[in-house]
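Below is one structure, written out as structure tokens; the observations come after it.
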Amino acid sequence: MEWWMILCLIFGGLMVLFFIGVPVAYSFMCINIIGVYLLWGGVDGINQLVLSIYRSVSTFSLLPVPLFILMGEVMFRAGIAPNMMDTLDKWLGKIPGRLSLIAVGGGTLFATLSGSAMAGCAMLGSVLLPEMRKRGYSNTMSIGPILSCGGLAIMIPPSALGVLLASLSRISVGGMLMAIIIPGIIMATIKAGYIILRGYLQPHLMPAYEVEKVSLQEKLILTLKYILPLGMIIFLVIGLMFIGVATPTESAALGALGCFVLMFIYQGFNRKVIKIAQKAILATSRITVMMFMIMTGAIAFSQILAFTGASSSLVSLAGGLDLPPIMIVMIMQVMLLFLGMFMEPLTIMMVTLPIYMPIVKALGYDPLWFGTIMLINMEMATTTPPFGLVLFVMKGVAPEDTRMQDIYKAGLPFLLCDAVTMFLIMIFPALALHLPSLM
Amino acid sequence: KTKTLKAVSFLPKDHPMVQMVHVWVKRVNDQCGDQIKINWTGGPEVIGGFDQAEALRNKVVDLIFSPTSYYAPLMPEGNAFPLSKLTMEEERKPGGFYDFMVERHKKIGMMYIGTWLYDPFYLRIDHEIDSLDDLQGIKMRTSALYDRFMKKIGIVPVTVQFGEVFTALERGLVDGFGWAVLGPREWGWLEKCKYMIDIPFYTRQNTLFLMNLDVWNKLEKSVQDKIMDITIKFEPEMRDYFQKKIAEEFETYEQLGIKRIHFSPEDEKKFLDAAYGAEWEDLEKKVPDLVPTLKKLTGN
Amino acid sequence: MVKDDFMKRIGAIFDKVLDGMIFVVGCLLIFIMLSVCADVLFRTFFDTPQIWVTEVIEVMLLYITFLGTAWLQREDGHVYVEILISRLDRATASFLKIINSLIGVFISSVLTVFGTSITLDYCHRGIYTPTAMEIPVCLIILVIPLGSFLLLGQFIRQTAINLDRFKKELKMARRLKNSKGGAPWNGG
Ligand code: NA
Ligand code: NA
């Protein structure tokens, strides 16, 4: 059989399983079992598959994933985020769109503590949305920023998805975490800029209102109390890595421990806090097992693609195309965007990375640069209609009368902001590559 | 009719260390083309390095290019390869180390055909030292191959993932590392580690051509002989190629300002005794019956 | 009735086992966090890195995955693409759910059977990891058949539940059809 026929069978089979609703993890496993049975010599192949399952998740580079998720869960549940948002609120005076801007700022701050977009969106939604309603904010400028800024958690370290992408592409986890910092900040800036512009052009979307005057002293005290300690967490996650006390992987554990310590400092050590910790750990276990179970198929799936010669044939095909390399990268991104409408990021990465990364390397691009662009695309996938986990989280926290269409519509302008960021990184690779080069 | 043999290597096909494997594969294909054709499907992206020996035994592939340390659990005596002090020609004398290892490999269903890499190990460090005592308490990136040795001379071995070695060196998490000559410069590991302890150890690499035993036995005698013939001529050529590469690498070192550290003769002897002694002690634990024979056959 | 009672008790015990497993997963997570921090601490201040930490954690990541998967299946926590399923009528959707849980039965039995055989084989041959710690491989991969066996139990239970639901849906659909039979607005 030709390689492209096998490729069609593999992807066709996978899509059928996906669409009849087999969990993604078991869809990969099913294809892998059939694949190794046919390609690796029957029953012995399946024994080999058991070993590949073991290798897929039993790797130290995946360690930050549960720990980054744990950080977000602890911070979200310990009620640290609302105080943080409140402080931010005190600093902003009477300006149009202040609540939307708080969503951007809070999303960025929370992103430095949390590695998961879902926790980010849930936190912003539950804290800000009721207030926005009360102040007469339109859907576009309330649901939109919250939906979108939850996603900043992916683009600013710690980032669980960033670690998974690095691990699946076999590139440096530390490098990946450094590469996304500047793009993440740019993304937040563009979103804030958009809100200000919109507020200037259409003030009725975000009516301004009187805010009580707060003394500078109070502002500073609040900042000292609720914003500064976040610096400690950032130091644990990024700083320790820079001064050479811990490797990027290890710093995740220190960050997670730091979050627990912070929780105990704010809330004391009592029964209620233990309950919160238990809930955070349970939620983390849930997401971790879900992600890792998908990852168990990772090695076998990419090896099957390599074994059939499909990967190398596609690489030479892409190399032989009469197109400028950047066009090929763009075509790849458009395909990702399309997949992102229906699937969640980890699944897309599992399906595409075994094919994309060899092509990217063959075209002579830096995998870190491509990984950064792809991560922005994956961040978008969480909010592109019709399917996206963050969209569903939003539906959960939004008022009863909010229709799914309203949420879709509110997210669109911010998706454009993401796309602009993506273009900027494509045109100026240094935005992604400069920080890793300093490491 | 031509039989296709599927092969995998523990390093990617474009890695500088497997460059001579291309030569060997081409020669076998050119000279035995009517009988067998080797299809080198790729490296660890096809089957993970640690699983390749198992895949060979299960006939998922027919041929692997793998270091013995990767399947040490199947055959602990494979760790004697780096300890050999003989040339590959000497090892191939009848009744010698080669014949002995062929028999040992047959017990685990593999045919040991030959060796494809020559590249001795060195310890690198980020500051000047001048005696063995200075190594006490130094933190170095470890791997299974020299973990025991490092502990024996008082180095503190630290586990660092391959992808994080650069950062770990840059940030001073470790003060040095052990590696063969080729590779570290390209990965940027020497930017912070400008000193090399000029005592090569484990000079005989343990990376072998291995075929599934059944597949080997089913080949015609003439083909087997042909492959052996090719390999015996290949090995010295391969060593010359890498010695030239290593010499070129050392020339680049001069330009980069990499300095060589020399120990006193007593310290150098202690260093080497520790390197080899640590491994012999381990073999003594795992395969005590074989150790006297292994020592005799490897010139120790 | 007696049989039903018996099945209920088995189900309750099974649930207890799954809950226990996820408790272990949580403990492993905390242990991982603390051991890495301890390693960094010991290395930085006492020059004594804990070599075992990396390797033991790698094993634990596999344990977390397979100890938790059956529990997660019960909680319906594995992601799936719901685009098609959510658009189908209820009878067809519940029929697909039977197929899905049967696929699950297939996968988990393959992993249980082959996982067990390779674990026993590795145990018998005494294979260990080619790393500093030299951990017996069978102790590591043991969790794959163990977790898959629990998953098999969960999928069998789910198949039974889905089969039951499907029957009810069919009955309901038939009743609906009979009551509406011949009505001009039928088929809307
Ligand atoms: Na983040
Ligand atoms: Na989407």
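So you know, we letter chains A, B, ... as the sequences are listed, proteins then strands, and number each from 1.
- When side chains are defined from C-beta on, Tyr37(A) does not count as touching Val110(C), because their heavy atoms never get closer than 4.5 Å.
- Heavy atoms of Phe45(C) lying under 4.5 Å from chain A are absent altogether.
- To the nearest 0.5 Å, atom CD1 of residue Ile30(C) and atom CG of residue Leu70(A) are 5.5 Å apart.
- When heavy atoms are compared at a cutoff of 4.5 Å, Ile294(A) approaches chain C solely by way of its side chain, counted from C-beta outward.
- Heavy atoms closer than 4.5 Å to chain C are found in the side chain of Ile33(A), but not in its backbone.
- Residues Met33(C) and Ala256(A) approach most closely at SD-CB, 3.6 Å, considering heavy atoms.
- With a threshold of 4.5 angstrom between heavy atoms, Phe106(C) approaches chain A through side-chain atoms but not through N, CA, C or O.
- The two residues Tyr26(A) and Ile107(C) come nearest to each other via the heavy atoms O-CD1, 3.1 Å.
- Heavy atoms of other residues, nucleotides or ligands lying less than 6.0 angstrom from CZ of Phe14(C) number more than 12.
- Proximity to chain A (any heavy atom under 4.5 Å) is shown, for Leu41(C), by neither the backbone nor the side chain.
- The two residues Ala253(A) and Cys37(C) come nearest to each other via the heavy atoms O-SG, 3.5 Å.
- Looking at Leu254(A), both its backbone and its side chain come within 4.5 Å of chain C, counting heavy atoms on both sides.
- The local environment of CZ in Phe264(A) is crowded, with over 12 non-hydrogen atoms from other residues, nucleotides or ligands closer than 6.0 Å.
- A donor-acceptor pair is defined here as one N or O able to donate and one able to accept, closer than 3.5 Å; no such pair exists between the side chain of Thr65(C) and the backbone of Met293(A).
- Both the backbone and the side chain of Thr69(C) come within less than 4.5 Å of a heavy atom of chain A.
- If you measure heavy-atom distances from Ser117(C) to chain A, the contacts under 4.5 Å come from the side chain alone.
- Taking 4.5 Å as the limit, every side-chain heavy atom of Ser58(A) sits out of range of all side-chain heavy atoms of Leu61(C).
- For the pair Cys30(A)/Ile103(C), a side-chain contact is recorded, criterion being any heavy-atom separation below 4.5 Å from C-beta on.
- With a 4.5 Å cut-off on non-hydrogen atoms, Thr129(C) touches chain A through its side chain but not through its backbone.
- Contact of Leu151(C) with chain A is made through the side chain alone, with heavy-atom distances under 4.5 Å.
- For Thr288(A), the part lying under 4.5 angstrom from a heavy atom of chain C is the side chain only.
- Here the shortest heavy-atom pairing between Ile64(C) and Val289(A) reads O-CG2, 3.7 Å.
- Within the 3.5 Å criterion, the main-chain N or O of Gly68(C) finds no donor-acceptor partner in the side chain of Arg286(A).
- Of all the heavy atoms in Val50(A) and Ile144(C), the pair that sits closest is O-CD1, 3.7 Å.
- Shown here for His78(C) and Pro23(A), the closest heavy-atom pair between the two residues is CB-CB, 3.8 Å.
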